[in-house]
Amino acid sequence: MRDEFDAVVIGSGPNGLTAAAVLARAGRRVLVIEAADTIGGGARTDEAFGGGIRRDVCSAVHPTGYASPAFADLDLTAHGLTWAVPGVSVAHVGGFGTVGIHRDRQATATELGVDAARWRRIVDARDPTALAGRILELPALSARRPFSVAGAAAAVLPVDVVARMFATERAATVFAGIAAHAARPTTSAGSSAAGVLLGMLTATGWPVAVGGSESIADALAAVIRGHGGRIETGCAITELGQLPTGCDLFFDTSPDLIARLFGERLPRRYARALRRFDYGVGTCKVDFVLREPIPWTRRPELMAQTATFHLADDTMQIRRTERQVAAGLLPERPWVLGGEPTRVDPSRAPAGTHLAWAYCHVPAGCDVDVSDRIIAEIDAAAPGFRDLIVDRIVTTATDLAAHDANYVGGDINCGAASLRQLLARPVLARTPQITGIDGVYLCSSATAPGGGVHGMSGYRAARAALRRVTA
Ligand SMILES: Cc1cc2nc3c(=O)[nH]c(=O)nc-3n(C[C@H](O)[C@H](O)[C@H](O)COP(=O)(O)OP(=O)(O)OC[C@H]3O[C@@H](n4cnc5c(N)ncnc54)[C@H](O)[C@@H]3O)c2cc1C
């Protein structure tokens, strides 16, 4: 294949596809090679339930995708992607009642009462889409003051410290639940960063992709193919000899693969950074087919307006879960993150059938099915839930790692969101996708800005390569 391609992208997750789309659009001859039989990585939708039901295997809700400058630049909505954006970005069901965080800031302020002003200071921004774009474009916590001073300061603090800034347990728990998407112990520095970014994006919207998350991958593939790019599936790259020579290489993979393939050829500083790279804890996910929507006891009208729910009685339940999981223990009563996509996108299932999913954090590499614990938490907030289950699919942390090699030990972000790896992911650099070997880039979520379906790591790698060619 020598001279046939200018660039080869290994891995077709959102980052790999974004890199390929940007390069193909710039006139580069591009090949994408994917290990699995279908494209999309963490943005895949399957029909494993049968009956025309479309289940998101991994990612399901897309605040960072909706705000992504890369997806906006590639005009994915002109390539078949439609967002369904609910009015309530996330609903938290806690011991104190149910709280909705709305796109409408005034509605959120009303929900949070005495903590409204504190919420605004910590997670609000006048133009969240623009600010999120700047955060996603730059190494995290750059000096360009992307949000309020209070927000920037909060991002580097432990959740436990930020939670104490709120006067009420309800606001503290809502914030802790959003921050806990990063799966960090609440005592660790930087554990609030996801709370600040995702909290800010509640005002923009936490949408689902109509038809399933794979619509995002399909839209990116349409851009690639529209510019003459090629995508090959069912081919795992395990050695350099499988790759064409004389072209740029973009690895939408774990850092481990780069370290293995290039070994001694990597610059010493970069190789050291890869050796020190930490993965996070695992996740165990359950997908449900239901006879009826989840019968929430409290505020069912609010719950009908959202695609995402968080379940934790209080900050203590979140703190305990993340502490136990980090210590290698199964959470006794996990805090649970879930969603009901058919609430906002009825196209996912035939009329009368409803879809839901939920997950909780588990120790890295855990192969235990904890769906009973997850079901118990949902059933406590929605008695009768378990009787509505028609079918379910459990994906343990080890299943996730088998599904996508990037999810090492079931870590859905391909790298812990520790403070060190918020700043240096995997190295502290303006474009941390550059490996130091000419023409070789690491462009997965193991590089800044990290996990999430936003394509920004691929975008930055591709633009760096294009700058190099034109320079
Ligand atoms: C259960 C779960 C829930 C999630 N929920 C959300 C959510 O709601 N919202 C959100 O924004 N994010 C969510 N995420 C995270 C999100 O999916 C990832 O952060 C995102 O997909 C990362 O994109 P990526 O392109 O870096 O890597 P991936 O999407 O992981 O793609 C990497 C691709 O490379 C392929 N690959 C790896 N090694 C090789 C090789 N050696 N040869 C060939 N191909 C290879 C893999 O098969 C895969 O297709 C979730 C993830 C999981 C697992």
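We count ligands from 1, going down the list as the structure has it; atoms in each ligand are counted the same way. FYI, the numbering just counts along the sequence from 1. Remember, it's a predicted structure, so these values are computed and weren't measured experimentally.
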Worksheet item: Taking the six-membered ring for Trp, are Trp83 and His62 parallel (under 30°), tilted (30 to 60°) or perpendicular (over 60°)?
Response: tilted
Fill in: Thr233 and Thr38: CA distance, side-chain angles, deciding distance, side chain to side chain contact (heavy atoms under 4.5 Å, CB included) verdict
CA-CA 6 Å; Thr233 55; Thr38 54; 5.9 Å; no
Response to the item:
Looking only at protein heavy atoms, what sits closest to atom 29 (O) of ligand 1 is Gly42 N, 2.7 Å
Practice prompt. Run the numbers for me: atoms of ligand 1, each under 4.0 Å from some heavy atom of Gly451, listed by number.
Written response: 19 (O)
Worksheet item: Should Tyr359 be counted as touching ligand 1, given the test is an N or O pair under 3.5 Å?
Response: no
Worksheet item: How far is atom 40 (C) of ligand 1 from its nearest protein heavy atom, and which residue and atom is that?
Response: Ile237 N, 3.7 Å
Worksheet entry | Polar contact flag for Asp404 and ligand 1 (N/O pairs, less than 3.5 Å) | yes
Worksheet item: Does the distance from a Lys or Arg side-chain N to an Asp or Glu carboxylate O, for Asp438 and Arg468, drop under 4.0 Å?
Response: yes
Practice prompt. Number the atoms of ligand 1 from 1 as they appear, then name those within less than 4.0 Å of a heavy atom of Cys235, with their elements.
Written response: 43 (C)
Item to complete: With the side chain counted from C-beta on, respond yes when Ser192 and Phe175 share a heavy-atom pair under 4.5 Å apart, and no when they do not.
Response: yes
Discussion item. Main chain of Val210, side chain of Thr82: is a donor-acceptor contact present, judged purely on distance under 3.5 Å?
Written reply: no
Worksheet item: With no hydrogens and no angle check, is any side-chain donor or acceptor of Arg333 less than 3.5 Å from a backbone partner on Thr321?
Response: no
Response to the item:
for atom 14 (N) of ligand 1, nearest protein heavy atom and its distance come out as Ser59 CB, 3.8 Å
Discussion item. Distance under 4.0 Å to a non-hydrogen atom of Thr253: what atoms of ligand 1 satisfy this?
Written reply: 38 (N), 39 (C)
Worksheet entry | Selection from Thr64, Leu337, Ile412 by shortest heavy-atom distance to atom 51 (C) of ligand 1 | Ile412
Discussion item. Tell me the protein heavy atom at minimum distance from atom 16 (C) of ligand 1, and give that distance in Å.
Written reply: Val453 CG2, 3.9 Å
Fill in: Polar side-chain atom of Thr45 near backbone of Glu214 as donor-acceptor pair, under 3.5 Å
yes
Discussion item. Over 60° means perpendicular and under 30° means parallel, so tell me whether His361 and Tyr359 are parallel, tilted or perpendicular.
Written reply: tilted
Discussion item. I need the atoms of ligand 1 closer than 4.0 Å to a non-hydrogen atom of Ser12, numbered in the order shown.
Written reply: 33 (C), 34 (O)
Worksheet item: Got a salt bridge between Asp75 and Arg25, using NZ or NE/NH1/NH2 to carboxylate O under 4.0 Å?
Response: no
Discussion item. I'd like to check which ligand 1 atoms, numbered from 1 as shown, lie under 4.0 Å from a non-hydrogen atom of Gly452.
Written reply: 10 (C), 11 (O), 12 (N), 18 (C), 19 (O), 20 (C)
Worksheet entry | Nearest neighbour of atom 43 (C) of ligand 1 from the list Ala19, Ala35, Gly458, on a heavy-atom basis | Ala35
Response to the item:
heavy-atom search around atom 22 (C) of ligand 1 in the protein gives Ser445 OG, 3.8 Å
Item to complete: Before accepting this row, confirm whether a basic side-chain N of the pair Glu47/Arg55 lies closer than 4.0 Å to the acidic partner's carboxylate O.
Response: no
Worksheet item: Can you list the atoms of ligand 1 that are under 4.0 Å from a heavy atom of Arg44?
Response: 47 (O), 48 (C), 49 (O)
Fill in: Numbered atoms of ligand 1 (with element) below 4.0 Å of Ser444, judged on heavy atoms
26 (O)
Worksheet item: What about Pro14: any of its N or O atoms under 3.5 Å from an N or O on ligand 1?
Response: yes
Item to complete: Decide whether the shortest distance between a heavy atom of Ala60 and an atom of ligand 1 is less than 4.0 Å.
Response: yes
Worksheet item: Short list, please: which atoms of ligand 1 are under 4.0 Å from a heavy atom of Leu257?
Response: 41 (N)
Practice prompt. Give the C-alpha distance, both sets of side-chain angles, the deciding distance and a yes or no for side chain to side chain contact (heavy atoms under 4.5 Å, CB included) between Arg420 and Asp278.
Written response: CA-CA 10 Å; Arg420 176 167 66 83; Asp278 281 334; 3.2 Å; yes
Fill in: Step-by-step side chain to side chain contact (heavy atoms under 4.5 Å, CB included) determination, Glu322 to Trp335
CA-CA 9 Å; Glu322 299 304 336; Trp335 86 271; 2.8 Å; yes
